[in-house]
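Below, each value reflects all heavy atoms present in this structure, side chains not excepted, and no hydrogens, waters or symmetry copies. Protein chains get the first letters and strands the later ones, always in sequence-line order, with residue 1 at the start of each.
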2 protein chains.
Amino acid sequence: MLAAVKTPAELTELFRSRGLKITPQRVSIFRALYDNDTHPTAEAVYAKVLEEMPTISLRTVYQTLNDLAAMGEITQLDLGTGSARFDPNLSPHHHLVCESCGQVRDVYGEFDGVKIPKNKLAGFQVSSTEIVFRGLCPDCAAAAEYAGAGAAT
Amino acid sequence: MLAAVKTPAELTELFRSRGLKITPQRVSIFRALYDNDTHPTAEAVYAKVLEEMPTISLRTVYQTLNDLAAMGEITQLDLGTGSARFDPNLSPHHHLVCESCGQVRDVYGEFDGVKIPKNKLAGFQVSSTEIVFRGLCPDCAAAAEYAGAGAAT
DNA sequence: TTACAAATAACAACGGTTGCAGTTTGAGTG
DNA sequence: CACTCAAACTGCAACCGTTGTTATTTGTAA
Ligand SMILES: [Mn+2]
Ligand SMILES: [Mn+2]
Ligand SMILES: [Zn+2]
Ligand SMILES: [Zn+2]
């Protein structure tokens, strides 16, 4: 179970309450995001939705993801992996990024120590803090170790 | 004075020691980066170099920035501002990003508390940690407050 | 000087994302 | 249920940052 993620029904209700139309495209995108902790790209969401709605356009996926982000229901992550990734998990957390395969994992640490001393802020108003840990996922680390051992012999 | 940044002369020597050619284009780019804490985009570096070398191509700027990054002499930052930014400051630090005007400032805090508990790592090998504080720079914060006050009256 | 590998410049191409315009459709009205 | 119309969708062109390609130029060592 994923924390702090609205269900498709809840997102549907949210859209309705804002006077927006409930279209099958939107509902399908809500389903594709629900219980999804893969931090998918727009293309990945599109691929998933295509399975049950073969006529949806990529443009509509972008449009809906942008709408959700503007409403604060998903977060857009720019991790330098070529394309934006979307995160439906609203609970405060940070990310591990594998520099080899690109996968993104959630980290639920505390990190209360991450506060800038006021004297260093110089008037800057901080509204959010993102921490990105880069490195190797277990699979890629194992592969790298194996390759390193092979090269050393 | 900027910490831990190689001088144009030092970068020139580094290139020479690697058997790379010392071209006026490269030296000009070294100069554009030296003592530059603006985290410039490739276009910004290009604009600066154009002042003293009106024939350089943007492609060469990209090429040299990529080379420097591959050598570890500059860092490429992807902050979701549309284009990559380059940071010649090699001393460990983090960044403040103004969400209104896009400017990027250095933060030299400690943040030793930012360590993932081993039991949460699940085999992930972390090699670097980036912290990005987002918010409003003093100028944009003042402008926002003014606009807010105006709207409230 | 000469010779040549390396670097540059010009330009095409690429990938992710957005703009646009014509068509379709959800949902309120009677 | 039929009608209406703003909103949403689709298809495609365009955009922008970045990279690939290749002919020309140039730094460097002989
Ligand atoms: Mn996440
Ligand atoms: Mn910096
Ligand atoms: Zn991996
Ligand atoms: Zn600002």
Side-chain angles (χ1 to χ4, degrees), chain A residues 8-9 11-30 32 39-50 52-71 74-86 102 104, chain B residues 8-9 11-30 32 39-50 52-71 74-86 102 104:
Chain A
L11 286 176
T12 295
E13 192 47 42
L14 175 67
F15 269 55
R16 197 191 313 278
S17 75
R18 296 202 176 199
L20 302 171
K21 293 182 181 173
I22 312 305
T23 67
Q25 290 88 346
R26 282 172 170 170
V27 175
S28 185
I29 291 167
F30 298 163
H39 306 86
T41 61
E43 283 279 358
V45 173
Y46 177 56
K48 196 161 197 176
V49 171
L50 268 186
E52 61 180 29
M53 176 162 292
T55 60
I56 197 174
S57 74
L58 177 58
R59 187 68 183 82
T60 296
V61 173
Y62 271 106
Q63 186 64 52
T64 301
L65 290 174
N66 288 345
D67 292 345
L68 285 167
M71 293 177 196
I74 64 177
T75 304
Q76 177 172 336
L77 301 175
D78 294 294
L79 299 168
T81 50
S83 44
R85 314 193 69 141
F86 297 88
V104 180
Chain B
L11 287 176
T12 294
E13 192 48 41
L14 174 67
F15 269 55
R16 198 191 312 279
S17 75
R18 296 202 177 199
L20 301 171
K21 294 181 179 172
I22 311 305
T23 66
Q25 289 88 345
R26 281 172 170 169
V27 175
S28 185
I29 291 166
F30 299 162
H39 306 86
T41 62
E43 283 279 359
V45 173
Y46 178 57
K48 197 160 195 177
V49 171
L50 269 187
E52 62 180 28
M53 175 163 292
T55 61
I56 195 173
S57 74
L58 177 58
R59 186 69 182 81
T60 295
V61 173
Y62 270 105
Q63 185 64 52
T64 301
L65 291 174
N66 289 345
D67 291 345
L68 285 167
M71 294 177 195
I74 63 177
T75 304
Q76 178 173 337
L77 301 175
D78 294 294
L79 299 169
T81 49
S83 44
R85 315 193 68 142
F86 296 89
V104 179

If you take all heavy atoms of B:T64 and B:F30, which pair is closest and at what distance?
-> CG2-CE2, 4.3 Å
For a quick test of your reading: what N or O donor-acceptor pairs under 3.5 Å do the side chains of residues 17-26 of chain B make, sequence neighbours left out?
residue : atom : partner : partner atom : Å
B:S17   : OG   : B:L14   : O            : 2.7
B:T23   : OG1  : B:R26   : N            : 3.1
B:R26   : NH1  : B:K21   : O            : 2.8

Taking all atoms of both residues into account, what is the closest heavy-atom pair of A:A84 and A:Q76, and its distance?
-> CB-NE2, 3.4 Å
Classify the nucleic acid contact of B:T55 as base, sugar-phosphate or nothing, counting any heavy atom under 4.0 Å across all strands shown.
-> sugar-phosphate
Distance from A:S83 atom OG to A:L77 atom CG, nearest 0.5 Å?
-> 11.5 Å
Terminal contacting nucleotides, 5' and 3', DNA chain C versus chain B (heavy atom, 4.0 Å) = C:dA5 to C:dA10
Where is the tightest heavy-atom contact between B:A42 and B:V61, given as atom of each residue plus distance?
-> O-CG1, 3.7 Å
Below 4.5 Å, heavy atoms only, C-beta onward: do B:L79 and A:D78 meet side chain to side chain?
-> no
If every non-hydrogen atom of B:T41 is compared with every non-hydrogen atom of B:F86, which pair is closest and at what distance?
-> C-CD1, 4.3 Å
Roughly how far, to the nearest 0.5 Å, is CD1 of B:I29 from CG of B:L65?
-> 6.0 Å
Counted 5' to 3', the first and last nucleotides of DNA chain D within 4.0 Å (strictly under) of a heavy-atom of chain B are D:dG17 to D:dT28
When you match B:L20 and B:A42 each to their closest nucleotide on DNA chain D, which lands nearer the 5' end?
-> B:A42
Does some side-chain heavy atom of B:V104 sit less than 4.5 Å from a side-chain heavy atom of B:T81?
-> no
Quick one: bend of the helix from C:dT1-D:dA30 to C:dG30-D:dC1 from 5 pairs per end, to 10°?
-> 20°
Contact summary for B:A32 and B:V49, nearest pair of heavy atoms | CB-CG2, 3.8 Å
Not counting sequence neighbours, which residues clear salt bridge (Lys or Arg N to Asp or Glu O under 4.0 Å) with B:E13? List them please.
-> B:R16
Strand-adjacent residues in residues 56-71 of chain B, judged by heavy atoms under 4.0 Å from DNA chain C = B:I56, B:S57, B:R59, B:T60
Rounded to the nearest 0.5 Å, the CZ atom of B:R59 sits from the OH atom of B:Y62 at a distance of 9.5 Å
Taking for B:Q25 and for B:S83 the nucleotide of DNA chain D with the nearest heavy atom, the one nearer the 5' end belongs to B:S83
For A:S28 and A:E52, which heavy atoms make the closest approach, and how far apart are they?
-> OG-OE2, 2.6 Å
